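Every heavy atom of this structure was used, including side-chain atoms; hydrogens, water molecules and symmetry mates were not. On a predicted model such as this, the values are computed, not experimentally measured, just so you know.
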Amino acid sequence: MNAHHAAPNGQDHALPLATLWDMDGTIIDSEPFWLRVELAMLARYGIDMPADLPEQLVGTGLRDAARRFQELGVPLTVDTIVDEWADGVVAGMQTEPAVWRPGARELLAELGSLGVPAALVTMSVRRIADAVVDMLPAGTFAAVVAGDEVTHEKPHPEPYVLGAQALGVAIEECVAFEDSRTGVRSAAASGAVTIGLPNMVSLADAPAHEVWDSGLAGRNADDVSKTFTLYRSAHSAGQDSHLTSTIEETDMTDQPSATDAAAETAGTPALRGPFVYGDRVQLTGPKGRMNTFTLEVDGEFQSHRGTLPHAKIVGQPDASVVTNSSGEEYLLLRPLLSDFVMSMPRGAAIVYPKDAAQILSLADIFPGANVVEAGVGSGALSLHLLRGIGSTGTLRSFERRDEFAEIARANVRAFTGEDPANWSVTVGDLQDELPNAVEPGSIDRVVLDMLAPWECVDIAADALAPGGVIICYVATVTQLSRTVEEMRRSGLYTHPQASETMVRGWHVEGLAVRPDHRMVAHTGFLVTARRLAPNTTVPDLKRRASKSDFTDADLANWLPDMGDATSEETWTPEAVGERVKSDKILRKKAREAQKVADQRADRAEG
């Protein structure tokens, strides 16, 4: 097993197992050589260099840059263009003194003396890389990854992953140094702690862990070890910060550890950092239409407006904009929980985010709560409950249908990247399974999303602690009435409270301010009550005499199972208007949910 080298001066942080270095603009100031040969090629064919092109090409792979020249009108093959550039750059290095970036050689030498190996990761071809390596002291680089030796150029993470593999270390144990936005995206997406070194372009919006605005001048191994220790601890805690920050004159030992923050969250994916393969991404197009999918190697988003390779998204920071093959712009966002549940594969109908938010509020779902959920459906409400109880609470979910449970497990795994240790799913009837699963009076909250929640009023009361909350989600007024009356008749709860939530958006554009034409109106009713202490009778509500007083016989006129009919005969999914999906459709949805979960798992293993 590789062991971390002790930091210099006995500091309380460790050096990385290896460092990975970009070359052009990071170690050697070779950009003038490149600009000279590029201008000469364009001039030969009477083509003017676009003003913004030099900055766009900084850090770009040579083959991608050559294709850009073809688009400008250069009548040569990609290989010919690259070869001509390489000849010119090598000739320039051989005839003119090398201009080294300040502090780069000194830091390389210091880290090497402390036993930290280095790999050169450049998109220049091998013969240019070798020319630079030959100008440095022997042994400076233990490995070289060149642009003509990789399948995918930067910003794909492959070059940096190969660099770590060549040194025999895990990429997460490495620090990468980069001067371009393209290179920073590549390094950060690979999993290395990434330090940005601005040279010809600003890195203000690049997904580096840190940006050293003054470059490597005056930097030493102690600075590297501080940065590595801070961000490696964040990664180990499962919450990569990937924050772009300027740390001039900042003592990193005074910064709070990300471990503490990560410990407060459970049931959530990494919410920050550049996109990597396996992430879910939400694309918003020119007309506001959204598409959500999982990033895959060699994947491609296609529409009638053009194509967008997944590789172009990987390495981009959250909330950035990319263009497809026809120049259409798309906004990239990491889906929020509310976005995810609306786009995930469904078996049963989901609890909408507007209702889930009310459930968390009205039931007071708190960190550390012990919660029972009946009717797991597709897992939407389970995800919200897991978010609410945090890592110290427990969620016990019960579902009568195995296919629904399978879909829910896959959806939760797809969103969180794991099977949460504080969540269990039991297949069976709540009345049969709950007494075997929990001790009486040990549950803080019971959430019932089921066809006939009134059948579980008594069993829920046995599980709830005095003062605990029961909340039921029902779709129709008949179910609402039946649930409320059963709670009253049981004598085990406070007076039930019923509500529904309707959300109406507004169009706000200049002076045109009006309600949207569409809204999310009725989806269901919520009924809440509190568990009474044993041998307690809730006081009657004082109210005026009313013609609305009723008897059980009155209720039986429209709630048949309160008369002679049985609950099984009266309350069926079809009777309350539920759309029942066939077994074939449910199996399809289960496969879709499992596919998303597997894609997330592949990323974690990779």
Side-chain angles (χ1 to χ4, degrees), residues 205 268-269 271-272 275 280-293 301-306 308 313 316-324 326-346 348-365 377-385 387-388 411 415 447 449 471-481 484 496-528 576-579:
D205 60 347
T268 60
L271 300 180
R272 296 176 179 170
F275 288 104
R280 296 284 284 178
V281 60
Q282 177 180 283
L283 259 63
T284 304
K287 294 187 177 181
R289 182 176 180 178
M290 293 186 293
N291 291 274
T292 303
F293 53 86
F301 171 72
Q302 299 179 346
S303 73
H304 67 284
R305 294 179 175 270
L308 178 60
I313 299 173
Q316 292 280 3
D318 202 353
S320 56
V321 175
V322 296
T323 56
N324 70 359
S326 61
E328 293 281 355
E329 291 187 332
Y330 287 87
L331 174 64
L332 303 176
L333 288 170
R334 185 170 273 111
L336 302 176
L337 175 55
S338 57
D339 299 319
F340 179 83
V341 299
M342 295 301 293
S343 64
M344 70 187 190
R346 305 179 191 178
I350 66 167
V351 174
Y352 273 63
K354 71 179 182 70
D355 295 314
Q358 287 294 305
I359 289 171
L360 264 63
S361 177
L362 294 176
D364 188 23
I365 305 297
S378 299
L381 183 56
S382 302
L383 282 166
H384 284 91
L385 293 172
R387 177 71 61 83
N411 281 330
F415 184 74
V447 183
D449 173 17
I471 185 163
C472 305
Y473 178 82
V474 293
T476 68
V477 292
T478 47
Q479 290 171 291
L480 170 64
S481 177
V484 169
Q497 303 293 316
S499 65
E500 71 172 323
T501 303
M502 291 182 279
V503 176
R504 182 173 68 179
W506 278 70
H507 171 91
V508 181
E509 189 172 333
L511 298 180
V513 181
R514 57 170 173 73
D516 282 340
H517 297 305
R518 295 182 178 183
M519 65 180 291
V520 182
H522 175 76
T523 49
F525 299 102
L526 294 176
V527 181
T528 59
V576 297
E578 285 191 13
R579 297 179 62 184

#### Entry: Pro335 to Phe340 - nearest heavy-atom pair and separation
CB-N, 4.4 Å
#### Entry: Sequence neighbours excluded, every pair satisfying side-chain hydrogen bond (donor to acceptor under 3.5 Å, both in side chains) that has a member inside residues 496-506
Glu500-His522
### Summary
Those residues at least two apart in sequence (or on a different chain) that pass side-chain contact (heavy atoms from CB on, under 4.5 Å) with Ala319 are Leu333
### Message
Could you check whether any side-chain N or O of Asn324 sits under 3.5 Å from a backbone N or O of Ser326, counting only pairs where one atom can act as donor and the other as acceptor?
### Response
yes
### Query
Rounded to the nearest 0.5 Å, what separation is found between the CD1 atom of Ile365 and the CG atom of Leu381?
8.5 Å
#### Entry: Partner set under side-chain hydrogen bond (donor to acceptor under 3.5 Å, both in side chains) for Thr523, not counting sequence neighbours
Lys354, Asp355
### Task
Let me see the working for Arg387 and Leu360 under side-chain contact (heavy atoms from CB on, under 4.5 Å), right down to the final yes or no.
CA-CA 10 Å; Arg387 177 71 61 83; Leu360 264 63; 5.5 Å; no
### Task
Find out whether Asp449 and Ile359 are in side-chain contact, i.e. whether some heavy atom of one side chain is under 4.5 Å from a heavy atom of the other.
no
### Query
What's the spacing between Asn291 CG and Tyr330 OH if we round to 0.5 Å?
7.5 Å
#### Entry: Separation between CG of Leu308 and CD1 of Ile313, rounded to the nearest 0.5 Å
4.5 Å
### Task
Check whether more than 12 heavy atoms from other residues, nucleotides or ligands sit under 6.0 Å from atom CZ of Arg289, and answer yes or no.
no
### Message
Is the shortest side-chain heavy-atom distance between Tyr473 and Val447 below 4.5 Å?
### Response
no
### Query
Shortest non-hydrogen contact from Leu332 to Val322?
CD1-CG1, 3.6 Å
### Task
Measure across Leu526 and Gln358 and return the closest heavy-atom pair with its distance rounded to 0.1 Å.
CD1-CB, 3.6 Å
### Task
For Asp339, enumerate each residue passing the salt bridge (charged side-chain N to carboxylate O under 4.0 Å, His left out) test, keeping only those at least two apart in sequence or located in another chain.
none
### Message
Within the structure provided, determine whether Arg280 and Ser343 are in side-chain contact (heavy-atom separation under 4.5 Å).
### Response
yes
### Test side-chain hydrogen bond (donor to acceptor under 3.5 Å, both in side chains) applied to Thr292 - qualifying residues, sequence neighbours left out
none
#### Entry: By side-chain contact (heavy atoms from CB on, under 4.5 Å) - contacts of Ile350 (at least two apart)
Met342, Met344, Arg346, Tyr352, Ser378, Ala380
### Task
Look at the rings of Phe301 and Phe293 and say which category their plane angle falls in: under 30° parallel, 30 to 60° tilted, over 60° perpendicular.
parallel
### Query
Is His517 atom NE2 crowded by more than 12 heavy atoms from other residues, nucleotides or ligands, each under 6.0 Å away?
no
